[in-house]
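This report refers to the structure that appears directly beneath it.
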Amino acid sequence: RSQNIAGLGGTMADVTGWPATWPKPETLPIPGKPHRCLEPRSFPQNASASSLPHLAMGKGIWKAKMEEPAKAFASALRARGIPPIACTFCENCHYFEHLTGEKHYKNLLRWLESHPSYDLARNNPQIWQVCLIGGVGGLRFNHLDGSIEVFKGNQVTEKPPPIVCPSPPPWEQVPPACAMPGPPGPPPPPPQPREAAMRQHVGLSDPPEATPSGTSATSTALFSAGDSLNEMCGTDGLLMRSDLQLCSLDEDIEKLRKLALQELTAGRRLSFSLKYQSTEQRDQVRQLGKQQQQQQQ
């Protein structure tokens with residue numbers, strides 16, 4: 001058998017419309033302490049309120065996610081004899097159940113431009129719509145995340161329960177990017193004895209060994225047929241090529257350090273090697289390159 005009570009509007013309402021899982025305000029033990037009846041529609045991805053998925057994914061998702069709490073809030077008020085109410089967040093005072101519309105959605109986005117923090121925004125009194133129920137307590141609705149809370153007494157005097165973001169189910173959990181295997185590629189060539197010892201992550205911390213007489217050392221990431229010094233290439237693989245000389249060694253090392261830090265920070269893998277090249281061999285390679293260029297012209 002259903003019960004009837006008189007609400008603020010003086011009408012009689014059937015309290016069976018009150019959700020069964022929501023405690024009635026008069027049954028709560030502590031006046032002013034809110035009890036959450038309905039959890040937020042989504043949880044922020046970072047500290048910004050605009051990162052709420054139901055808000056960031058457009059007005060269509062907003063309408064679909066906010067329709068349920070808006071109807072539940074209005075239905076619970078009707079069950080306690082409260083007539084249809086107006087939205088207290090928007091200046092035009094539209095009907096509360098129209099909060100899923102585009103105008104309300106845009107008003108909220110504009111408001112968040114000056115209230116970007118999620119924690120500060122959701123606890124701002126302007127974002128809460130409060131309705132008292134027959135002098136025994138009240139309901140309040142959060143226009144940002146759709147959560148609903150009930151309280152005993154005439155106002156909320158204590159902090160609401162904390163928002164606890166639930167962990168996603170195992171099938172939705174994505175491993176870190178660094179743990180995700182990349183596409184298979186060709187096996188790396190076996191390292192040369194000297195090359196394996198001289199591979200470095202970044203830094204050139206070990207002092208260079210003296211080069212044999214009549215030779216020069218060339219630092220390279222990948223071999224390039226180009227002949228320019230300190231060459232920066234947009235082609236895949238080659239990042240820097242430089243003929244090392246004692247007079248410019250410190251400058252070349254600094255350029256290599258900056259380039260390596262930039263690439264490693266971006267998540268790309270680098271390899272470093274040094275090779276010896278005799279002066280005669282270098283002159284022969286240059287001469288051959290010039291001859292090929294002349295033939296192509």
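Only a predicted model underlies this, so the values are computations on that prediction, with no experimental measurement involved. Position 1 is the first residue of the sequence; numbering continues from there.
For Val130 against Arg140, the heavy-atom pair with the smallest separation is CG2-CB, 3.9 Å.
Ring geometry for His104 against Trp62 counts as parallel: the plane angle stays under 30°, on a 0 to 90° scale with 60° as the upper cut.
Looking at heavy atoms from C-beta onward, Trp18 lies out of side-chain contact with Ser75 at the 4.5 angstrom threshold. In this structure the side chain of Ile82 never reaches within 4.5 angstrom of the side chain of Leu132, judged on heavy atoms. Taking 4.5 Å as the limit, every side-chain heavy atom of Arg36 sits out of range of all side-chain heavy atoms of Ile148. The side-chain heavy atoms of Trp111 and Ile127, taken from C-beta on, include a pair separated by under 4.5 Å.
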For the pair Ser147 and Arg41, evaluate side-chain hydrogen bond (donor to acceptor under 3.5 Å, both in side chains) and give the outcome as yes or no after the intermediate values. CA-CA 7 Å; Ser147 57; Arg41 297 292 84 195; over 6 Å; no
Hey, mind stepping through His35 and Glu149 against side-chain hydrogen bond (donor to acceptor under 3.5 Å, both in side chains) and telling me if it holds? CA-CA 5 Å; His35 174 88; Glu149 296 176 355; over 6 Å; no
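Side-chain contact, Asp145 with Tyr118: a donor N or O sits under 3.5 Å from an acceptor N or O. With no hydrogens or angles considered, a side-chain donor-acceptor pair links Thr88 and Gln129 at under 3.5 Å.
One finds a salt bridge joining Glu26 and Arg80 here, because a Lys/Arg side-chain nitrogen approaches an Asp/Glu carboxylate oxygen to under 4.0 Å. Residues Glu67 and Lys71 are paired through a salt bridge, judged by an N-O separation under 4.0 Å between the basic side chain and the carboxylate.
For His98 and Phe96, the ring centers sit 6.0 Å or farther from each other.
The backbone N or O of Phe43 sits less than 3.5 Å from a side-chain atom of Gln45, completing a donor-acceptor pair.
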